[in-house]
Every structure is written in structure tokens, then in C-alpha cells.
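Notes follow once the structure below has been shown.
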Amino acid sequence: MTCEQARAHLEDRLDGTLPASDAQELEAHLAACTECARERESLDRVEAALLASGSIRLAPPQGLVDAALHRIEHEGHRSIRREIAALLATAAVFLAALLAFEFTPGDVTEVPTQISQHVEGFGGAMAAGIDQVTNQVNALWKGKP
Amino acid sequence: MLPEDEPDPAPEEFRDNEIVLQAVQGLPDEYRAVISLKYYDGLDVKEIAGILDAPVATIKTWLSRARGQLRRRLQASFGTSA
């Protein structure tokens, strides 16, 4: 197995599409190639970070999801499907970030300062983003009877 | 909401997660969509391909490029540890 093949298999492994036979061959390559082994470690750290960040994610409102899925079922246009998925993904990430702030442990007396800093910085941007996403979703719904 | 029976993560873990979420938020739309559907909704590549009406190969390409962009962004945030 070449390093190029190994890198492709590392991606397949993360995607859950690597056949068992190739997995064994990949492991043998990684045992002998320090560069590809480092590549696996780096990819695994990104994977772990993504999974950990998902643990604090707040799901979008079920009604919004149901409405989106209903439209996807009845709307064949490719761009609309992608647009809805991207909007939902945006909303989910914004909500997750807000939830992370909401549940930050610490002394209660520190909260007002945290809120102030948050609204002035990252939180303000997120709040604006949520409004933007909400408006976009509403426009999408109204514009496509 | 976090389930009540789960312990609160440490403060530094929240900050790390917030950095990751910011990095995801900064991805192009299609990359952000596949990352969210895979890692936050737990869908596999075939399911994502169905939702986004795109070939599986395209979804895998987007996932690979999205992870690459995230790796560079997280390396910049966390140093060489990400």
C-alpha cells in the first residue's frame, strides 16, 4: 500500500466506508510508516473534537425539522435541499454555541461579566446569525408554496 | 439541553467545544452541512447523500475537505495539538 492509498483509506475509515480487508492492510502500513501514523493521529484529534462538540449541541426545534423534511420530500429541486440542510446546520451550530455558553460552570456572581463580554463579542455575532437564519428560513418557506 | 444526570463538563471543555463550533460555523455551506449531518446528527455518508441529493463520492470529498479546513483552523487555535 502506498502512502497516497493509505491517506485515502484514512478518510474512508472516518467515513465508515473502509472494508475490513483494507483496514488490516492500512494498519500494517501505519505500523511501518510514521508519517501516515501521524496523519491518523491528527485526523483522529479532529474527529474527537467534532464528536465532543456535538455532545453539547441543542437540536433545532422539531417542528422546524419536520417542516424541512416535509418540504424535502415534496421538493425535487437540488439547490433547495442543500439550502435547507445548510440552514439547519447553521442554526444547529449557532444554538449549540449558545448552549455551551449557557451551561458554562462557574461562580454565579461572574455571570453578568460573562454575559456582557459574550454579547459584545461572539454572542452578539451568534444572535445576529440566528436572526439571519430565521429570516432566511421564513423567506424560503414563504417563497416556495 | 444537557440531561440532568450527566455531570457538567469542565469549563475548559466548554471553551474548547465553543472553539470547535466556531470553526465549523466558519466553513462553506456545503462543508458545514455535511459535518453537521455526520457528527451532530449521526448520519452515514449514504444518508447524507440522500438528504443533499449528491453522489456519495461528492459527500466524501466534502467531508475530507471540511476536516482538512477544520484541522488547519483548530491547529491555529490549539497549537499543534489538534
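Since we're looking at a predicted model, the values are computed, not measured. Chain letters run A, B, ... following the sequence lines, proteins first, then strands; residues in each count from 1.
- The two atoms that bring B/Leu74 and A/Ala49 nearest to each other are CD1-CB, 4.3 Å, heavy atoms only.
- Within the model, atoms CD of A/Glu47 and CZ of B/Arg71 stand 12.0 Å from one another, a figure rounded to the nearest 0.5 Å.
- Looking at B/Ile35, only its side chain comes within 4.5 Å of chain A, counting heavy atoms on both sides.
- Cluster annotation: B/Leu63 is not connected to A/Leu43 through the hydrophobic network of ILVMFWY side chains, with a link wherever side-chain heavy atoms come within less than 4.5 Å.
- In the hydrophobic clustering of this structure, B/Ile51 groups with B/Leu27; members are Ile, Leu, Val, Met, Phe, Trp, Tyr whose side-chain heavy atoms approach within less than 4.5 Å, directly or through other members.
- With a threshold of 4.5 angstrom between heavy atoms, B/Lys38 approaches chain A through side-chain atoms but not through N, CA, C or O.
- Rounding to the nearest 0.5 Å gives a distance of 11.5 Å between OG of A/Ser53 and CD of B/Glu18.
- Between B/Val24 and A/Leu50 there is a side-chain heavy-atom pair separated by less than 4.5 Å.
- Within residues 3-25 of chain A, the residues having any heavy atom closer than 4.5 Å to a heavy atom of chain B are A/Glu11, A/Asp12, A/Leu14, A/Asp15, A/Thr17, listed by residue number.
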